[in-house]
Undergrad: 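Take this structure first; my questions come after.
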Amino acid sequence: SDWEDKFFIQTSDINATETKTWANGYGFRPVGPDSGDFKGNYDGQGFQIRNLFIYRTNDKRSAGLFSRVLHSDLKNIRIVDANITGNHYVGGIAGNSNYVIIENSSFEGAIKGAQVGGLIGRNENSQIIGSFSHGSVYATEVWAGGIAGYSGESEIINCYSHANVD
């Protein structure tokens, strides 16, 4: 992918309120290629992404700020007052993560989809460290969790959630 082994640094707060009107109401398109994984690194430096809106119920891709993430570091990401609705794997930071380190990051808002987590929808072979979620997490099918909807062969360290999980 074009983003493989690239480093992205957020340098200020982002007001994403307009994403509600993007793509005929479908909102922001999660970061990542149409097929495959995002394989870059992202440091939000503690700046906020506010009012992010994603409504991708018919999309086969995972939903979150990032769609699918592989072999990456995501850190210092702050998503506030967001509303994310997806089809399958849905999370505030990423819908699907594999061999990823998520550190010092947070999501505050509402998430809905088939298999959902406050930070990561499906988390495998990864670490989530010093991160949290607030808000609501609603699963239309099987998995739901305040941090990760599903987590296998992974570590969740010093994290917490104050999300209502249903």
Side-chain angles (χ1 to χ4, degrees), residues 1 3-14 16 28-33 36-52 54 56 61-86 88-139 143-165:
S1 112
W3 299 318
E4 192 163 347
D5 297 324
K6 301 286 191 292
F7 291 84
F8 299 90
I9 298 172
Q10 186 175 335
T11 58
S12 66
D13 289 337
I14 297 171
F28 181 79
R29 182 184 177 280
V31 175
D37 305 295
F38 174 85
K39 297 178 185 175
N41 298 284
Y42 189 94
D43 184 350
Q45 294 194 110
F47 291 109
Q48 292 183 350
I49 299 171
R50 184 172 290 281
N51 297 313
L52 179 67
I54 299 170
R56 301 284 175 156
R61 299 173 70 232
S62 300
L65 176 62
F66 295 89
S67 178
R68 293 171 37 131
V69 184
L70 177 67
H71 295 290
S72 300
D73 291 335
L74 307 175
K75 62 184 181 179
N76 305 315
I77 299 170
R78 301 270 176 262
I79 301 173
V80 180
D81 296 329
N83 188 325
I84 299 175
T85 302
H88 203 55
Y89 302 127
V90 185
I93 304 295
N96 192 323
S97 67
N98 200 356
Y99 296 100
V100 175
I101 297 173
I102 295 115
E103 189 170 8
N104 192 32
S105 295
S106 62
F107 176 86
E108 297 178 47
I111 300 178
K112 182 178 179 181
Q115 299 169 19
V116 297
L119 298 176
I120 306 294
R122 183 179 181 90
N123 182 53
E124 296 185 275
N125 307 298
S126 298
Q127 291 182 318
I128 305 174
I129 305 165
S131 299
F132 68 89
S133 73
H134 288 280
S136 64
V137 175
Y138 178 78
W143 297 324
I147 299 296
Y150 169 87
S151 190
E153 302 297 321
S154 297
E155 295 178 312
I156 298 174
I157 304 164
N158 294 327
C159 295
Y160 68 93
S161 175
H162 285 164
N164 293 321
V165 178

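In this chain, numbering begins with 1 at the start of the sequence shown.
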Undergrad: My understanding is that only residues two or more places apart in sequence, or in another chain, count here; which of them pass ring pair (Phe, Tyr, Trp, His ring centres under 6.0 Å) with F66?
TA: F38, Y42

Undergrad: Where is the tightest heavy-atom contact between Q48 and D13, given as atom of each residue plus distance?
TA: N-OD1, 2.7 Å

Undergrad: Just wondering, more than 12 heavy atoms not from N158 lying within 6.0 Å of its CG?
TA: no

Undergrad: Check the orientation of H134 and F132. Use parallel for under 30°, tilted for 30 to 60°, and perpendicular for over 60°.
TA: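 Answer is perpendicular, since the angle exceeds 60°.
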
Undergrad: Would you say the side chain of R29 lies within less than 4.5 Å of the side chain of R56, judging by non-hydrogen atoms?
TA: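 Touching, per the 4.5 Å side-chain cut-off.
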
Undergrad: For L74 versus S105, what's the shortest heavy-atom pair and its separation?
TA: O-OG, 4.2 Å

Undergrad: Apply the side-chain hydrogen bond (donor to acceptor under 3.5 Å, both in side chains) test between R68 and each candidate in D37, N96, N98; give the one that qualifies.
TA: D37

Undergrad: So how far is it from E103 CD to K75 NZ, rounded to the nearest 0.5 Å?
TA: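 The CD atom of E103 sits 7.0 Å away from the NZ atom of K75.
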
Undergrad: So L65 and I93, do their side chains get closer than 4.5 Å, heavy atoms only?
TA: no

Undergrad: Quick one: CD1 on I49 to CD1 on I77, what's the gap to the nearest 0.5 Å?
TA: 6.5 Å

Undergrad: Over all heavy atoms of both residues, which pair between A148 and I156 is shortest? Give the atoms and the distance, please.
TA: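 Nearest pair, atom of A148 first, then I156: CB-CD1, 4.5 Å.
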
Undergrad: For I84 and F107, which heavy atoms make the closest approach, and how far apart are they?
TA: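 Nearest heavy atoms, I84 then F107: CD1-CE1, 3.7 Å.
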
Undergrad: Would you indicate whether the side-chain heavy atoms of S62 and R122 approach each other to under 4.5 Å?
TA: no

Undergrad: Show the nearest heavy-atom pair for residues G91 and I111, with the distance to one decimal.
TA: C-CD1, 3.9 Å

Undergrad: I need the T11 OG1 to F47 CZ distance, nearest 0.5 Å.
TA: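 If I round to the nearest 0.5 Å, the distance is 6.5 Å.
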
Undergrad: Please tell me whether Q45 and Q10 have a donor and an acceptor in their side chains that are separated by less than 3.5 angstrom.
TA: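 Side-chain D/A pair, Q45 to Q10: absent.
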
Undergrad: At what distance, to the nearest 0.5 angstrom, does CG of D81 lie from CZ of R50?
TA: 5.0 Å

Undergrad: Out of curiosity, D73 CG to I101 CD1, how far, rounded to the nearest 0.5 Å?
TA: 4.5 Å

Undergrad: Not counting sequence neighbours, which residues clear ring pair (Phe, Tyr, Trp, His ring centres under 6.0 Å) with H71? List them please.
TA: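 Expected list: Y99.
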
Undergrad: Checking Y150 now: which residues fulfil ring pair (Phe, Tyr, Trp, His ring centres under 6.0 Å) with it, not counting sequence neighbours?
TA: W143

Undergrad: Can you tell which of S161, S106, C159 makes a side-chain contact (heavy atoms from CB on, under 4.5 Å) with S133?
TA: S161

Undergrad: With rounding to the nearest 0.5 Å, note down the distance linking OG in S151 to CD in Q127.
TA: 11.0 Å

Undergrad: Between the side chain of N41 and the main-chain N/O of F7, is any donor-acceptor distance below 3.5 Å?
TA: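 Such a contact is absent between N41 side chain and F7 backbone.
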
Undergrad: Compare every heavy atom of S97 with every heavy atom of N123, then report the nearest pair and how far apart it is.
TA: OD1-OG, 2.8 Å

